[in-house]
Amino acid sequence: MNICVIGTGYVGLVTGTCFADFGVTVECVDIDVKKIEMLKRGEIPIYEPGLKELVDKNVAEGRLTFTTDLTDSINRALVVFIAVGTPPQEDGSADLSHVKEVARTIAKNLNGYKVIVTKSTVPVGTGAIVEEIIRKECGAGHKFDVVSNPEFLREGSAIEDFMRPNRVVLGARSEQAVAIMKDLYSPLYLLETPFVITSVETSELIKYAANAFLATKISFINEVANLCEKVGADVSMVAKGMGLDHRVGAKFLHPGPGYGGSCFPKDTSAITKIAKAHGYTFRIVEAVIDVNARQMELMVEKIRKLAGSLNGIKIGALGIAFKPNTDDIRDSPAVYIIERLIAEGAIVKAYDPAGMDNAKQTLSKKVVYCKDAYEAAEGVDALVILTEWNQFRKLDLGRIKELLKSPKMADLRNVYEPASMKALGFEYVSVGR
Ligand code: UDX
């Protein structure tokens with residue numbers, strides 16, 4: 001089977017490459033010539049562990065190609081994936097202009113029955129809009145079906161999440177489209193991966209509801225952590241005790257500076273906007289968003305208290321990316337906190353194993369970039385762990401203590417243990433303990 005994946009960003013590139021690894025012939029298309037040239041040279045524009053090897057293998061075996069020629073790709077494909085960005089607009093709702101533009105282009109190039117799949121996270125009702133655009137552009141001439149097939153990929157483990165998903169969600173109107181999608185996903189189907197086959201609207205909402213719920217778990221445990229600090233409880237034990245209840249589940253109960261990335265902030269905002277647009281106030285998720293914003297502020301407060309003041313103080317920041325194993329700094333709590341520290345007069349030395357290039361393009365010019373955690377610790381009044389990279393889990397704490405001007409650490413990801421840090425002579429604060 002031939003498919004075409006439009007958009008070689010984070011979702012499109014992983015989706016296309018993994019389908020190629022299933023044995024499907026895949027053309028990944030993008031309007032960004034530079035990006036396509038990079039991909040043709042075997043360079044990967046995003047940081048995703050294991051992706052380069054998978055791209056190289058499938059390009060070498062002739063199943064994966066990259067092109068800017070959307071027309072030919074659509075003509076050759078039976079299934080066309082829309083995997084372009086749906087960034088948040090000013091008011092927080094999703095910007096569908098790229099999706100609509102692609103729908104129009106697809107309509108102009110229909111040369112026979114096709115399945116058009118929205119892979120990007122799109123507001124409920126987008127499938128119907130895409131269908132209407134195509135119907136209008138090409139009249140009753142051509143048969144096609146629109147399918148919703150949301151992605152559940154986490155950055156840093158996207159290939160694993162694609163190859164061994166907890167479920168595949170398909171929203172479709174026709175049996176023919178479902179049959180084609182099942183055939184496309186047959187390697188997973190044979191692995192007995194659960195398939196949720198439902199309406200387009202239901203499929204679109206599953207994605208938002210899942211992400212909003214995960215974000216809710218994070219804001220929930222962050223509030224529990226804040227309460228723990230007041231009552232002298234240990235949030236990691238509370239999370240453990242809660243999580244052993246199978247109805248709660250242990251995952252996504254790690255407190256910290258709040259959630260970030262290109263999904264949770266966007267999707268929580270979008271679902272509240274979708275609700276509002278239909279006359280409903282989604283109060284829990286609105287609270288989740290507020291709690292998340294406040295959590296970052298509370299972290300700045302925590303650092304200010306530890307350091308005594310921030311004006312003229314030197315802070316070492318370990319981690320800029322929104323989570324480990326990614327170079328993505330979009331909506332990263334670390335970025336917000338670093339900018340706030342600088343705004344209050346602090347001097348920030350920062351290190352991140354993968355996010356430095358992206359940081360240099362967007363962070364305040366005042367940030368001093370370091371080559372490793374030890375350089376970031378050198379001569380600062382306090383060291384702050386913002387992202388729980390493995391590189392920060394086994395630091396030589398004796399050396400760190402020597403390098404620090406004063407032995408102070410704010411561990412916002414609870415990487416270390418309070419008792420052992422105290423025994424080492426650190427003035428140590430963390431989250432919820
Ligand atoms: C998320 C969803 O997990 C994924 O299914 C969806 O397709 C895209 O959005 P991602 O944004 O890549 O994936 O990262 P994720 O691992 O979910 O973490 C999101 C944020 O939550 C990060 O900032 C992370 O630090 C934070 N987080 C996560 C916590 O603060 N505590 C936790 O327990 C888990």
Side-chain angles (χ1 to χ4, degrees), residues 10-11 83 85-96 99 118-128 148-158 161 165-171 194 196 198-226 239 242-243 245 247-296 322-323 326 328 330-333 336:
Y10 175 69
V11 172
T86 56
Q89 299 187 92
E90 272 310 298
D91 70 355
S93 61
D95 171 3
L96 291 179
V99 170
T118 53
K119 187 51 128 170
S120 310
T121 305
V122 291
V124 180
T126 303
S148 161
N149 172 220
E151 51 85 14
F152 297 99
L153 309 178
R154 286 168 298 167
E155 294 193 19
S157 54
D161 288 346
N166 292 156
R167 75 305 201 187
V168 173
V169 174
L170 293 172
V196 176
T198 181
S199 74
V200 173
E201 290 70 23
T202 304
S203 168
E204 290 165 338
L205 189 54
I206 287 171
K207 168 67 188 187
Y208 278 112
N211 262 12
F213 184 74
L214 290 169
T216 301
K217 277 191 98 171
I218 295 166
S219 281
F220 184 86
I221 199 64
N222 282 338
E223 290 227 88
V224 169
N226 298 338
M242 283 171 68
D245 181 327
R247 294 167 302 171
V248 174
K251 296 218 169 112
F252 277 68
L253 288 177
H254 306 295
Y259 58 77
S262 61
C263 294
F264 284 176
K266 170 172 76 72
D267 295 349
T268 46
S269 171
I271 196 171
T272 57
K273 295 290 179 255
I274 292 165
K276 270 262 184 305
H278 291 80
Y280 183 76
T281 303
F282 206 136
R283 289 169 47 199
I284 289 180
V285 179
E286 289 186 352
V288 164
I289 295 167
D290 292 346
V291 164
N292 196 55
R294 188 189 62 183
Q295 190 68 3
M296 297 182 203
F322 81 96
K323 63 182 242 188
T326 181
D328 197 343
R330 286 175 289 182
D331 277 323
S332 169
Y336 177 86

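Residues Val248 and Lys217 share a closest heavy-atom pair of O-NZ, 2.9 Å. The two residues Ala128 and Glu201 make their nearest non-hydrogen contact at CB-OE2, 4.3 Å. Counting all heavy atoms, side chain and backbone alike, Lys119 lies closest to Ala83 at CB-CB, 4.4 Å. The minimum heavy-atom distance linking Ser93 with Asp91 is given by the pair OG-OD1, 2.6 Å. The shortest heavy-atom contact between Ser203 and Thr198 is N-CG2, 3.8 Å.
Of the possible donor and acceptor atoms, one in the side chain of Thr268 sits under 3.5 Å from a partner among the backbone N and O of Pro265. Under a 3.5 Å cut-off, the side chain of Lys323 and the backbone N or O of Gly261 do not form any donor-acceptor pair. In this structure, the side chain of Asn149 engages the main chain of Val169 through a donor-acceptor pair within 3.5 Å. Remark: side-chain polar atoms of Glu204 are paired, donor with acceptor, to backbone N or O of Gly127 under 3.5 angstrom. For the pair Tyr10 (side chain) and Glu155 (backbone), a donor-acceptor distance under 3.5 Å is present.
Residues forming a ring-ring contact (aromatic ring centres under 6.0 Å, His included) with Tyr259 (at least two apart in sequence, or on another chain): Phe264.
Remark: Gln89 CD to Leu96 CG distance equals 7.5 Å, nearest 0.5 Å. Going from atom NZ of Lys273 over to atom CD of Glu286 covers 7.0 Å, rounded to the nearest 0.5 Å. Separating the CE atom in Met296 from the OG atom in Ser332 is a distance of 8.0 Å, to the nearest 0.5 Å. To the nearest 0.5 Å, the span separating CZ on Arg247 from CE on Met242 amounts to 11.5 Å. Here the OG1 atom belonging to Thr216 is positioned 9.0 Å from the CD1 atom belonging to Ile289, to the nearest 0.5 angstrom.
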Hey, mind stepping through Lys266 and Thr86 against side-chain contact (heavy atoms from CB on, under 4.5 Å) and telling me if it holds? CA-CA 9 Å; Lys266 170 172 76 72; Thr86 56; 3.6 Å; yes

Could you go through Thr272 and Lys276, starting from their C-alpha distance and side-chain angles, then the distance that decides it, and tell me whether this counts as side-chain contact (heavy atoms from CB on, under 4.5 Å)? CA-CA 6 Å; Thr272 57; Lys276 270 262 184 305; 5.8 Å; no

Under the criterion side-chain contact (heavy atoms from CB on, under 4.5 Å), I'd like the reasoning laid out for Lys207 against Ser148: C-alpha separation, chi angles, the key distance, then a yes or no. CA-CA 10 Å; Lys207 168 67 188 187; Ser148 161; over 6 Å; no

Show your reasoning for whether side-chain contact (heavy atoms from CB on, under 4.5 Å) applies to Asp267 and Ile271. CA-CA 6 Å; Asp267 295 349; Ile271 196 171; over 6 Å; no

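You'll find the side chain of Asp328 reaches within 4.5 Å of the side chain of Ser262, heavy atoms only. Between Asp331 and Phe322, every side-chain heavy-atom pair lies at or beyond the 4.5 Å cut-off. Side-chain atoms of Gln295 and Ile218, non-hydrogen and from C-beta on, never get closer than 4.5 Å to each other. Between Ile221 and Val224, some side-chain heavy-atom pair lies under the 4.5 Å cut-off.
Applying the 6.0 Å contact sphere to CZ of Phe152 captures more than 12 heavy atoms from other residues, nucleotides or ligands.
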